[in-house]
Every structure is written in structure tokens, then in C-alpha cells.
There are 2 protein chains.
Amino acid sequence: MKLWLTGIAAFLSLQLSAQNLNLDNTLAYQLTESLTVEVGQRLAGSEADARAVAWAEKKFKQLGYDKVWVEPFTMQYWQRGQASLTVSAPFHQNLVVTALGGSVGTPFDGISAQVVQFDSLEQLKTATSAQVKDKIVFINKSMGKDKLGTFYGSVVGARAQGAVEAAKLGAKAIIIRSVGTSINRFAHTGIMRYSDDVARIPAAAISVPDAIQLDKMLRLQPELSLQLQMQNKLPGEVISHNVIAEITGSKRPDEIVLISAHLDSWDEGTGALDDGAGVGIVMATGALLKQQAQPERTVRVVLFGNEEGGLVGARAYAAKHADNLKQHVFASESDFGAGRIWRLDTGFGNNSLPFGSALQKKLAHLGIALGDNTASGGPDVSVLKAQGVPVASLQQDGTDYFDYHHTPNDTMDKIEPAAMQQNLEAWLITTTAIANSQLDLRK
Amino acid sequence: MKLWLTGIAAFLSLQLSAQNLNLDNTLAYQLTESLTVEVGQRLAGSEADARAVAWAEKKFKQLGYDKVWVEPFTMQYWQRGQASLTVSAPFHQNLVVTALGGSVGTPFDGISAQVVQFDSLEQLKTATSAQVKDKIVFINKSMGKDKLGTFYGSVVGARAQGAVEAAKLGAKAIIIRSVGTSINRFAHTGIMRYSDDVARIPAAAISVPDAIQLDKMLRLQPELSLQLQMQNKLPGEVISHNVIAEITGSKRPDEIVLISAHLDSWDEGTGALDDGAGVGIVMATGALLKQQAQPERTVRVVLFGNEEGGLVGARAYAAKHADNLKQHVFASESDFGAGRIWRLDTGFGNNSLPFGSALQKKLAHLGIALGDNTASGGPDVSVLKAQGVPVASLQQDGTDYFDYHHTPNDTMDKIEPAAMQQNLEAWLITTTAIANSQLDLRK
């Protein structure tokens with residue numbers, strides 16, 4: 001911990017000398033660039049996460065927010081180690097592999113076992129113990145592409161629940177085809193789960209080209225063996241933080257308009273799309289909004305911690321603020337990359353639907369249509385929605401999102417500056433409209 | 001060596017049970033798939049290279065070639081080890097790095113030094129020792145895209161000669177922006193050179209996104225330090241092989257029409273585009289040609305070894321066959337990926353230019369135009385051209401070639417089956433025309 005603090009002190013002193021930010025429509029891009037260049041990856045609970053928290057506090061102050069503070073929460077810290085996956089004779093080859101978040105490691109010498117392939121989690125669930133026992137399960141399900149990322153839901157189950165289902169049948173480990181849409185040779189990480197009543201087996205993802213390759217090998221040689229070796233660590237509980245900043249409302253300061261993103265990222269890229277872009281967009285929105293005029297309601301920007309580990313920061317926020325969630329008149333999150341916004345979805349009370357239509361008209365010149373009233377508000381904000389907070393989703397075009405998401409390829413060069421400007425304009429219009437409204441969106 | 005032989009024996013026994021090949025226009029694709037799936041990467045001099053040689057001999061026999069043999073040559077074997085590159089405080093981050101082929105490693109604890117950036121090799125050459133001494137040189141030159149890959153020549157110098165130029169000025173190591181055209185986060189390997197009169201310093205490439213990132217960091221903090229750690233090995237001389245097969249000429253068997261590709265590959269991908277595709281195309285060409293009718297001249301298919309290390313197999317071939325190079329009436333190589341062929345370039349004597357025009361007419365229905373008479377024939381074949389052997393280049397569309405080339409992303413899924421068919425048809429027409437001609441293309 002001492003070393004972390006030394007590193008953070010050196011980091012902050014550099015920050016003070018870093019170039020100033022321009023408060024204009026490029027601000028979201030500038031902030032995302034600053035976060036990804038100066039901090040980079042920020043795995044929840046890590047030393048880099050602590051640097052990201054320090055970065056966010058500093059930037060909020062630099063941007064002129066009225067209040068800036070952090071709220072600590074405890075979390076289980078997981079660290080990735082080296083990972084390798086080798087095909088045994090006759091096709092001796094290494095496959096590109098990465099541990100799924102939360103996975104245990106293997107014994108130091110790895111696990112060697114025959115591989116058994118399934119098309120899907122559903123097919124694995126119908127398998128018998130005789131098919132699976134002492135083997136490495138391989139789930140090879142491909143993912144489709146669309147603007148909303150709807151195919152993610154149909155494949156991510158293998159990642160989240162595959163280890164439990166494989167272990168129930170006696171598997172030694174599980175590997176899955178990456179939950180991603182590109183043929184680039186990156187494996188896609190993401191959180192997985194164990195169940196207390198089932199053995200905890202190692203879980204990993206292989207890249208799409210390697211999944212295709214392994215499938216071809218199994219067609220030639222169905223009795224193929226793999227050796228999986230991973231050295232993950234689960235050091236236990238640590239403290240991370242939600243970082244919060246406000247522009248105080250001029251007329252109704254107790255009414256909170258919450259806009260948000262998550263500050264943590266997976267560790268292999270620099271977390272530019274997930275969710276550096278969202279961080280830049282909402283931090284910039286508050287700053288430009290204050291520059292325009294003090295809003296009537298309070299605008300609160302929340303950068304949630306440890307979204308990737310399972311909305312850990314969001315749950316801590318909801319628990320801490322349980323007594324005043326009624327004062328949260330609206331909440332929304334930007335967490336789907338940096339593509340252009342093309343649709344406004346709402347999650348309002350029926351009486352407020354005309355407000356949604358009016359809002360969409362203000363956004364129409366940005367190419368934004370009106371969607372439906374079933375918005376989640378975003379992953380972290382869904383926790384608040386579940387408690388009755390009205391939400392909206394400014395839907396981004398996520399067609400390419402899963403080409404990069406949760407891989408080493410999630411880097412700043414994938415972000416188009418003009419698309420970030422469009423996002424910022426849409427968020428500024430939306431937040432301003434709600435912050436200067438008297439409407440109760442619950443109704 | 002004993003272990004290698006055991007592995008190869010297991011591999012060959014599997015081969016016998018592998019599915020049979022179909023002698024049709026999909027044969028090139030089938031062969032490339034077989035090589036990349038069953039062998040994968042085949043770094044020259046490695047155990048995998050030996051398996052590739054065994055694979056090629058077996059496949060040539062299976063395809064009905066009249067003669068099949070191997071020709072050994074000695075080579076310097078280089079092995080990649082682990083590599084890491086870390087940015088020191090305040091921007092503590094890991095960058096994606098790979099060793100350049102032939103590079104020495106660092107001391108076990110790595111090399112820590114300030115980084116100094118140059119726009120190009122040419123700019124480094126004008127630097128002073130005071131600027132460079134005891135630093136890590138970073139050459140950050142980007143590469144453009146075109147069909148012919150002409151931009152490669154203007155950036156590859158940094159890779160080949162950068163270490164020598166940096167060491168002359170006292171640098172501790174050199175890193176270069178990857179010689180590649182994609183923004184995928186892969187570092188691009190490839191051969192580099194040392195000079196006997198200059199210190200041998202470690203040389204590595206970082207991915208394009210990491211080069212962009214490092215440049216952004218240096219703008220904020222010009223005095224940045226890096227830690228480079230690499231564990232390459234140079235085990236010394238080993239034996240590798242050119243693999244050769246012939247369809248014996250029915251009328252002029254002593255006249256050799258040589259078509260070729262290289263069997264070795266870099267170790268990070270599976271060598272599908274470089275040069276598994278070429279291997280598939282020329283092996284299939286000979287097989288389909290024999291299936292049509294025995295050619296009048298002998299068609300010799302050469303799979304050169306260790307092209308990547310610097311045309312080592314090609315030079316061995318030229319030396320071994322020095323006495324009968326006059327009998328080589330033609331030579332050509334397929335080694336530019338798997339894109340469609342769009343142009344025929346020749347390297348004929350002036351009297352044979354009408355033959356080139358006539359040949360192009362036979363290829364026109366495949367979308368192939370006539371180019372100029374300055375063809376190299378391909379990297380390995382350029383060695384034969386230098387000795388007077390007539391050549392041609394069936395130019396492939398290489399627009400995307402350097403998106404994948406020499407990276408982990410060079411895998412089979414990048415190959416379009418229909419483009420491989422077009423290549424095979426063009427090679428079959430070309431080889432047939434020359435093998436059944438009596439023309440001396442030298443004249």
C-alpha cells in the first residue's frame with residue numbers, strides 16, 4: 001500500500017503540470033485521452049484503480065465542479081496471472097487465451113485433459129457426466145453484430161455460468177470462444193461466477209480465430225488433449241471508490257439529476273471504449289453545463305467503481321444513498337463505447353412520456369430518434385432503476401463495440417473525435433433539459 | 001532432437017488417417033488449411049519447422065508428384081522468449097511488444113532507460129551521440145496502404161537497420177512502431193540485422209496503438225523512462241530443409257519451370273497468409289497440372305526454408321544448383337498473402353515480351369492486367385533472377401496484407417476461399433503455358 005501511495009503522489013504532481021483542458025465540445029475526447037494515456041488500464045482494486053480515482057478527483061476540481069468527493073466500498077480483488085493453452089500432439093500449437101475475471105488459477109504445472117466441445121451453454125446443460133468428467137469443456141458459440149449489442153445476451157451466459165455447469169458434470173476446466181464479434185486474435189475477458197456448492201474450476205476464453213482453429217482440429221482428431229496453465233490470484237478484500245462530483249442546483253438543489261459512467265476497466269486494453277469514453281462524456285457534460293449556467297436542479301456526476309466485477313460500486317452507492325433515492329429525479333449512464341447516439345429510450349412514468357417526446361425533438365438534429373420506454377439506463381444505473389429512479393438511455397451505435405470490448409484492443413485510437421462530440425452534445429441537451437425541468441419523471 | 005523425432009512420428013501417423021484431399025479448384029485452400037491447422041507456426045529451425053517439412057513431403061506424395069525430395073541447409077536458429085515493455089512513473093503501463101527476429105535478449109532484469117523518439121531511421125541517422133547515448137531509441141514511423149505494399153520498403157529500414165544505427169550512437173536498445181497498417185494491438189515481428197563492428201543491442205517492435213500511446217505520453221512528459229525485458233535465445237547452427245517435388249516433363253524433362261513459396265513462417269501467427277497461402281497455391285498448381293496432362297517441360301515446386309531469416313533456403317538452393325541454373329527456364333514465387341491476382345508482371349528477355357502479352361490474354365477473364373517487365377519473381381526467386389533466370393510475378397492485391405503480416409493475427413480465418421481459387425486458376429494457366437512452350441524466355 002505504501003508503494004501505491006508513493007506512485008500516486010508522483011502521478012499527481014505530474015498532473016498539476018499537465019496541459020490544461022479546453023472547455024469546449026472536444027472536452028469529452030480530451031478527458032478520455034487523458035485517462036487512457038496517463039492512467040491506462042484500471043482494474044478494480046488495483047494500484048492503477050487508485051490512480052484513476054486520484055485522476056478523477058483532480059480533473060473534477062480542475063473542471064470547476066462545486067463539490068467533489070469519494071465514497072469507499074469494499075470489494076474482492078482479483079488479479080490476472082500468466083496464462084497459456086497448448087494443444088498436445090499431434091497438432092502441437094499454442095492458442096491465444098485469457099483468464100475470465102474471477103477465475104481461479106490452475107496448479108502450477110497446469111491441467112492436461114482431453115477436450116470436449118459444445119455448441120452452447122444450453123447444449124452443455126444437456127450433457128452427461130460420462131461425456132464431461134475429467135475433461136476440459138470447450139463452448140464454441142459465435143456472436144452476431146447489431147447496433148444494440150443484443151447478441152451479447154445470448155452468448156455471455158457461457159462466460160458467466162459455464163464454469164458452474166461444467167463443474168457439475170465433473171469437468172477439470174472450461175474454455176469458451178470469446179464473446180466478441182471480430183476475427184482479430186484477441187481473447188475476450190469478463191466476469192464469471194462460481195457457486196458455493198460446486199467445485200471452482202479454472203475458466204478462460206480463447207480468441208475467435210483460435211476457436212475456429214480448435215474446431216478444425218477436433219474434426220480431424222476428436223480425441224485431442226489440451227494443457228491449460230493460469231496463475232491468477234485472489235488476494236481478498238480491498239477498498240475501491242466511487243468518485244462523485246456535483247454542480248449545485250440554483251433553485252432545487254435537493255433534486256438530484258444523476259449522470260454516470262464507470263471508472264474501472266478490464267486490465268488488458270486501456271479501457272478507452274469501456275468505459276473511458278463514458279467517463280469523458282459525463283465529466284464533460286457537467287463542466288459545460290455549469291459553463292452555460294447553473295442548473296436549477298443539482299447535477300451529480302458519479303463515476304462508479306468496479307462495474308466489471310458485477311456493479312459493485314453501484315450497489316454500494318444505492319445502499320449508502322438508500323434514504324435519499326427519492327431525491328434522485330433521474331439517472332443515466334454512458335457505458336457502450338464511443339459510437340454515435342442514434343436513439344433515445346426512456347424509463348419514465350406514463351405522464352412524463354410527452355417530456356420524452358419533446359426531449360427527442362431537441363436531439364433530432366443530431367440524428368437521434370425516439371425509442372421505447374423500457375430503457376435500463378445503463379448497467380450501474382439499472383440498480384437505481386430497480387429502486388424506482390426514472391432513467392433514460394442515449395443509445396450509442398454499438399455495431400463495432402464487441403470487436404474491441406474486454407480485449408487488449410480497447411484503446412484510444414478506436415475512438416472517433418467527431419462521434420465523441422455528438423455524444424457530448426446529446427448528453428448536454430438531455431441533462432440541461434432535465435436539470436431545468438420541474439417535472440416528476442416518476443409519474 | 002530425440003523428442004522432436006517422437007513428435008514427428010506421432011504427427012505422421014495421424015496424417016495417414018487424415019481426410020483425403022480433393023483434386024479440384026479448392027485444393028490450394030485445402031492445403032493451406034491443412035498446413036495451418038495440423039502444423040501451425042513453423043519458425044525456421046524449430047521442431048515445428050521439421051514437422052512442416054514432414055508435412056510437405058507427405059502431401060507432395062499424396063498429391064501424385066513424380067519425384068519428392070528434401071535438400072538440407074544449415075542456418076542460425078533464433079528463438080523468441082518472453083518480452084515485456086513497461087512505462088515507468090508517472091504513467092505506469094505495459095505496452096504490447098514483440099522481439100524482432102534475430103534480436104539478442106536483455107539482461108534478466110531488463111534494461112531501464114529514458115526513451116528518445118525519432119520520426120524515422122533517417123532522422124536517427126542525423127542524431128548526435130549526446131541525444132541518444134544510454135537511452136532507448138523509439139522510431140515512430142507510420143506505414144501507408146496500397147495494393148503492391150510499396151510503403152513497406154520505406155518503413156522496414158527502421159526494423160532492419162535501426163539497431164545498428166542506434167548502437168553507433170550509444171543507445172541501450174531500440175523499439176520501433178510496428179511495420180504494419182492496422183490499428184489492431186499486435187506488434188509486428190520480422191528480421192533485423194547486426195553489424196560486426198557495432199554493439200548488439202536488443203531490438204523490438206510495439207503495436208501501432210502503443211506507438212500512438214507512447215507518443216502521446218512523450219508530449220506530456222518528455223523525460224519518460226521505459227523498462228524493456230526480453231529473453232530471446234540464439235542456440236546456434238541447426239539444419240533446415242527446402243522441400244522439392246517435380247512433375248517430370250514429357251518432352252523436355254531437363255528444362256525446369258520452377259514455381260515456389262516458402263514453408264517457414266514467423267512464430268506468432270499460424271503463417272496462413274505468409275506464406276501458407278503460397279504453399280497451398282503452388283503445391284495445388286503442380287497437382288492439378290499433372291491431372292490435366294503431363295507437361296512438356298518439368299515443373300518443379302520448391303518450398304523454400306527460412307525465407308524469413310533472409311532468403312537462407314533460397315541462397316542454399318541457388319548454390320546447390322549453380323551448375324544447372326541454365327536449365328531453369330522460368331521461376332516464380334507466391335508470397336504476398338491470399339488476395340486476388342490483379343496484374344501479371346514479367347522479367348523476360350525482350351524477344352519474349354509477346355509471350356507475356358499472350359499469357360495475359362489467357363488470364364484476362366480472371367481480372368488480371370499486364371504490368372511491366374521489371375518483376376522480381378518473389379523474395380526467394382529474386383536470388384535466381386540475379387543469376388539470370390527469367391521470372392514473372394502474379395501480383396496479388398496486398399491492400400490488407402500488412403494488417404496481418406508477421407503478427408499473431410496471421411491466421412487461416414483471414415483467407416477468402418474464392419480468392420484462393422482465383423489464384424490457383426491463374427497459376428495453373430501460367431505454369432501450363434510456360435511448361436508447354438519451347439520459348440527461351442531469357443531471350
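If you're wondering where the values come from, they're calculated on a predicted model, not measured in any experiment. So you know, we letter chains A, B, ... as the sequences are listed, proteins then strands, and number each from 1.
- Open room surrounds CD on Q82(B); 12 or fewer heavy atoms of other groups in view lie less than 6.0 Å from it.
- Here the closest non-hydrogen pair linking E268(B) and R185(A) is O-NH1, 2.9 Å.
- Proximity to chain A is limited to the side chain of I212(B), based on heavy atoms less than 4.5 angstrom apart.
- Residue V37(A) comes nearest to M217(B) through the heavy atom pair O-CE, 3.4 Å, listed as atom of the first residue, atom of the second, then distance.
- In this structure, the side chains of K414(B) and I183(A) come closer than 4.5 Å at one or more pairs of heavy atoms.
- Interface summary for chain B: among T411(A), V87(A), N409(A), the most heavy-atom pairs under 4.5 angstrom belong to N409(A).
- Ranking P209(A), A48(A), G40(A), S207(A) against chain B, the residue ahead of the rest is P209(A), based on heavy-atom pairs under 4.5 Å.
- Annotation: the span from D267(A) atom CG to N94(B) atom CG amounts to 10.0 Å, rounded to 0.5 Å.
- Atoms CZ and CZ, on F91(A) and R51(B) in that order, are 10.0 Å from each other to the nearest 0.5 Å.
- Across Q93(A) and T36(B), no two heavy atoms sit closer than the pair NE2-O, 3.2 Å.
- Summarising the geometry, atom CE belonging to M412(B) is positioned 6.0 Å from atom NZ belonging to K216(A); distances are rounded to the nearest 0.5 Å.
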